[in-house]
Amino acid sequence: MQPKVQPTATGLPDPGTDAREHSAKVAAALREAIVAAGGFLPFAQWMDIALYAPGLGYYAAGTQKFGEAGDFVTAPEMTPLFARTVAADVAAVLAASASREIVEWGAGSGQFAADLLAMLDSQHVDVPHYSIVETSATLRERQRERLGGDARVTWLDAPPARVSGAIVMNEVLDAVPPMAIARAGGEWLERGVALHAGDFAWATRPLADGAVLACAEARFPVHGDYASEINPAAEALVEQCAASLADGAMLVFDYGFARSAYYHPQRDQGTLMAHYRHRATPDVFIWPGLADITAHVDFSAVAQAAERGGLQVAGFTSQAAYLLGAGILDRLMDVGEPGSIAFIRESAAVQKLVSPAEMGELFKVLALSRDADITWRGFALGDKSPTLRG
């Protein structure tokens, strides 16, 4: 999710009366949860309610999420060339699988699925079944409006037990609620949310989860006070998907870092951010239910989780290198003559996707396969998989 302006804690647009009232309802539910938990609610639970509480949470209510009227713009929303470019590697994955199915997690508006299927169809690539795992009823309805006429597309409430083909996750893991962890004065702490004069405030308690403590000890810098995130839920999700993949591969697109960069000593306040109306702020308590909340992805942890599920790392690189290697400039030339309105429009979108100052370097692409002989176009310009071990 790419904010259109630099992160700011001030100057956020006013939501308006109706949106304020909805946010007040979400805030009331969060306060009740804090009280019910004894005054301390682990951050992962707070974020889960704020994003996913039925009828209330950001992804569960009927507000606009994507595009100009929403809070962020994803790559598929920016240009159909994103999915058309990814199609080259998806086709290679399908060719290496028995059932040639595609499973997309969190399909957003459905734009990626629509563009991907159209491109594969134009290349006469057989896709007998396209499943979308979507828990948001609101987003599912948007997806049905765009894709409902395609009999190959079905929706699932839970992940399939077996997949033969391609699993695609585009900006999914950043929205999985992480545990917020801190080390202060040599003591390991879990960060959560409490009430201070009725407002939401950060609070801490001793970290009791032994497995998470072991992860924090292994991942955090050795010295000094430090705060960051560890995401057991995201890692469990990846491991589950990996275990379900009988043959084929997974493609993960998201913003984040390999571990050495994720837990860099200078990144001592973690990566949690809220996104509201194309603005980003570190104040994750702003407008509960109206703002998206995200954390960057630890791609080293994702790779290790997939390996526990039986997959192998097939490639890892920046979004810019991946898209350029996979032929996005060729897809751009297909749009029309340079100088045409269509070419200029799509060229501007491609520039945002690959520019280091925009999405090109912060966003990464990770491919994970199960003993599949796949020739990946997206890693033609280089593979940074060794950095995942650093």
With heavy-atom distances below 4.5 Å as the criterion, would you say the side chains of Tyr255 and Gln319 are in contact? no
Would you call the rings of Phe200 and Phe285 parallel, tilted or perpendicular if under 30° counts as parallel and over 60° as perpendicular? tilted
Assess whether a salt bridge exists between Glu77 and Arg142, defined as any Lys/Arg side-chain N lying under 4.0 Å from an Asp/Glu carboxylate O. no
Let me see the working for Phe316 and Phe299 under ring pair (Phe, Tyr, Trp, His ring centres under 6.0 Å), right down to the final yes or no. CA-CA 9 Å; Phe316 175 66; Phe299 277 96; 5.4 Å; yes
How close do Gly378 and Thr317 get, counting heavy atoms only, and between which atoms? O-CG2, 4.2 Å
Please confirm whether the ring centroid of Tyr322 lies under 6.0 Å from the ring centroid of Phe363. no
So, are Asp14 and Arg20 salt-bridged, with charged N and O less than 4.0 Å apart? yes
Do the side chains of Glu307 and Arg389 get close enough for a salt bridge, i.e. N-O under 4.0 angstrom? yes
Does the distance from a Lys or Arg side-chain N to an Asp or Glu carboxylate O, for Asp157 and Arg140, drop under 4.0 Å? yes
Is the closest basic N to carboxylate O distance between Arg370 and Asp247 below 4.0 Å? no
Plane angle bin for Phe379 and Trp376 - parallel if under 30°, tilted between 30 and 60°, otherwise perpendicular: perpendicular
Are Leu56 and Val35 connected in a single hydrophobic cluster, I mean Ile/Leu/Val/Met/Phe/Trp/Tyr linked by side-chain heavy atoms less than 4.5 Å apart? yes
Could you see if Val212 belongs to whatever hydrophobic cluster contains Phe40? Use Ile, Leu, Val, Met, Phe, Trp, Tyr and a side-chain cutoff under 4.5 Å. no
May I ask you to test the Thr79-Leu353 pair for a side-chain heavy-atom distance under 4.5 Å? yes
For a salt bridge (charged side-chain N to carboxylate O under 4.0 Å, His left out) check, start with the C-alpha distance between Asp330 and Arg84, then their side-chain angles and the critical distance, and finish with the verdict. CA-CA 10 Å; Asp330 294 333; Arg84 292 177 192 174; over 6 Å; no
Aromatic ring proximity Phe257/His296, centre distance under 6.0 Å: yes
Residues Cys241 and Trp105: closest non-hydrogen pair is SG-NE1, 3.5 Å
Cut-off 3.5 Å, side chains only: do Ser99 and His129 have a donor facing an acceptor? no
Charged N-O contact under 4.0 Å between Arg308 and Glu235: yes
Using a strict threshold of under 4.0 Å (side-chain N to carboxylate O), is an ion pair present between Arg144 and Asp150? no
In terms of side-chain heavy atoms, does Asp283 have a donor or acceptor partner in Thr281 at a distance below 3.5 Å? no
